[in-house]
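Lettering of chains follows the sequences in order, A, B, ..., and the numbering in each one begins at 1.
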Amino acid sequence: MSLLGVLIVVAGFALRFNPLLVVTVAGIVSALLAGMTPLQILDAFGTGFSDSRSISLAFIVLPVIGLAERYGLQQRAKTLIGRAARLTAGRLLLLYLFVRQVAAALGLTSIGGVAQMVRPVIYPMAEGAVMRAHGKHLPASVTEAVKAHSAAADTVGAFFGEDVFVAIGAVLLITGYVDANYHLKLDALQIAIWALPTAVAAFVIHGWRLLRLDGTLAAMVRDSAGEGELKA
Amino acid sequence: MIGAQWVYWLAGAFFLSAGIQVARDRHHAKRWTSAAFWLLLGASFFYGSFVHGRSGGMPAAGSWPAWPLGLAAIAMACIAGLGLTSPGAVRTTSEAEREASAARKRNLLFVPALTIPVVTVAFSAGLSRVAIDGRPLLARGQETLVGLGAAAAIALIVGAVALRPRDPFVAFREGRRLLESIGWAVLLPQMLGVLGGLFTQAGVGGQVGAIAQHLVPEHSRILAVLVYALGMAAFTIAMGNAFAAFPIMTAAVGWPVLVQHLHAHPAPTFAIGMLAGYCGTLCTPMAANFNLVPPALLEMNDKYGQIKVQIPTAAALFVVNVALLLVLPFL
């Protein structure tokens, strides 16, 4: 019966209700099933909220980041990455993966992102590199692949970079949750260090795939050219 | 001894400042509900310090009742969950002004941002060893949080010196702009933390654990690790968020079976377990902001194109995580 709360979460997310409402309702239902009184439920929400405040501390850096953005931080970062324009698509995305991962590991997740970086800078540069190699008229499948890989490099880099930054949600959620529920005292830095091997593996695996991307794209261009000749 | 309480108050003050700005913004589309959300959030960061929680710093005797905070949390979830908050139009620099400024300030722009990780690490690695009269300067286990608070404060000063804004409070306007653009998602991680606690009290972990223990024979390290990692990935795919899966699978398998029964070291177990969940995040449309918004922004024909590219990396990385979980926590 107590699994009903989990079901509500799965169904609520699947039906695209607002996650905050889903989580709140699932919490109240779970608590009622556990036989708690309304006052006990409110107390549980209160202590839980107080105990998990550390997760939200990451937001206190927003004023500084906003200040630097106001003076052109993103534009400067774009200028720096723009100097790598001589690379092939695969190597460019590999470099971006590296920069994104390292920046996120230092807590600088606002450097990068699909809206700020990939659409205006990274994707056009990657596509430009493919055009330099294969001519201006690329098959639609190649353009799609370049777009998908540009977005994926950003997400993989951000995920497996920020997991080693001590002040980001994931690390603080682990220490906050575990300390509150199991009476441990885990230091955030310890969690971040144990996330390092996976971060390195993510770079090696995804980086290796990016290095093979140029060959894959070339084959896609050849294949579609072959199809074009057959049709002609 | 310096603890994390003042860092919570710093964060509370920042949320309050955002709330006050919204309340004074006559052109804000959802002025009063948005202001109420941020003001409540700010106030609860102060109130929370006087509630006797498990990680609270205050003695039980002088503590305040927790239920008003619970009421505030549910109120905030309802305000934001029902779409009653929205970002206001904050005046900031134009793209052209930023280009011109970037050309002038050059790499100086990175200094305030880089101050944050440098100071945070200096606190958690360096100052954590400093003791005065035999008592540690920073509260144990809270070095990183204290460091983050100090870093945010120091970086603001560094930013003011390096970038010389005419109005010193402009950083809080820019902070409000970013905070409002994140919107209700600011509250979600904490509410998921609350839910995890309630799941534990309702015995969800025990139930999933009972199911998991049917799958995990006693003393089988390989099966226990597989169930923990697969459960993290599967729950994450279903919920779109590894943060939601973590409390469930940790209460079910990670803590009782791996740590308590098989004596796995907790830090690597939980760190890598969470990352097994991240592999699920790469594969799920439920994580819309990571996997569906980018293809839309890039005007792709296949809105699942990014997920398809990410699945091979996620699968290989999942295997790596299982291998790491089999070894590192048992060293």
Handout entry: Residues forming a side chain to side chain donor-acceptor pair (under 3.5 Å) with A:Gln101, sequence neighbours excluded
Key = none

Contact class of [X] relative to chain B, heavy atoms under 4.5 angstrom:
{"X": "A:Val23", "result": "both"}
{"X": "A:Ile191", "result": "both"}
{"X": "A:Arg70", "result": "both"}
{"X": "A:Tyr182", "result": "both"}
{"X": "A:Phe160", "result": "side chain"}

Residue part contacting chain A, namely of [X], when any heavy atom lies under 4.5 Å:
{"X": "B:Pro68", "value": "neither"}
{"X": "B:Ala80", "value": "both"}
{"X": "B:Ser44", "value": "both"}
{"X": "B:Leu317", "value": "both"}
{"X": "B:Ala160", "value": "backbone"}

For [X] and [Y], which heavy atoms make the closest approach, and how far apart are they?
{"X": "B:Leu109", "Y": "B:Ala102", "result": "CD1-CA, 3.8 Å"}
{"X": "B:Gly70", "Y": "A:Phe45", "result": "CA-CB, 3.6 Å"}
{"X": "B:Leu156", "Y": "B:Ala171", "result": "CD2-CB, 3.5 Å"}

Return the option, out of [options], with the maximum number of heavy-atom pairs under 4.5 Å with chain B.
{"options": "A:Val22, A:Leu62, A:Val204, A:Thr24", "value": "A:Leu62"}
{"options": "A:Thr155, A:Thr175, A:Ile41", "value": "A:Thr155"}
{"options": "A:Ser54, A:Ala31, A:Ala44, A:Ala26", "value": "A:Ser54"}

Which distance, rounded to the nearest 0.5 Å, do you find between the [atom1] of [X] and the [atom2] of [Y]?
{"X": "A:Thr198", "Y": "B:Met274", "atom1": "OG1", "atom2": "CE", "result": "12.5 Å"}
{"X": "A:Phe59", "Y": "B:Phe45", "atom1": "CZ", "atom2": "CZ", "result": "8.5 Å"}
{"X": "B:Phe110", "Y": "B:Thr115", "atom1": "CZ", "atom2": "OG1", "result": "13.0 Å"}

What option among [options] has the most heavy-atom pairs under 4.5 Å with chain A?
{"options": "B:Ala151, B:Ala103, B:Pro65, B:Pro165", "value": "B:Pro165"}
{"options": "B:Ala267, B:Gly305, B:Ala152", "value": "B:Ala267"}
{"options": "B:Val158, B:Leu187, B:Leu10", "value": "B:Leu187"}
{"options": "B:Phe15, B:Phe270, B:Trp255, B:Phe246", "value": "B:Trp255"}
{"options": "B:Val320, B:Ile272, B:Leu41, B:Leu163", "value": "B:Leu163"}
{"options": "B:Val118, B:Val7, B:Ile307", "value": "B:Val7"}

Practice task
Would you indicate whether the side-chain heavy atoms of A:Ser141 and A:Glu144 approach each other to under 4.5 Å?
Solution key: no

Exercise for the section: Run the salt-bridge test on B:Arg177 and B:Glu174 with the 4.0 Å N-O cut-off and return the result as yes or no. Expected result: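 Result for this pair is yes, salt bridge flagged.
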
Handout entry: Whether A:Glu162 side chain and A:Ala105 backbone form a donor-acceptor pair below 3.5 Å
Key =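 Not a single qualifying donor-acceptor pair exists.
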
Practice task
Answer yes or no: is there a donor N or O on one side and an acceptor on the other, between the side chain of A:Tyr177 and the main chain of B:Pro247, under 3.5 Å?
Solution key: yes

Handout entry: Plane angle bin for A:His206 and A:His149 - parallel if under 30°, tilted between 30 and 60°, otherwise perpendicular
Key =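 Rings of A:His149 and A:His206: tilted, as their planes differ by 30° to 60°.
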
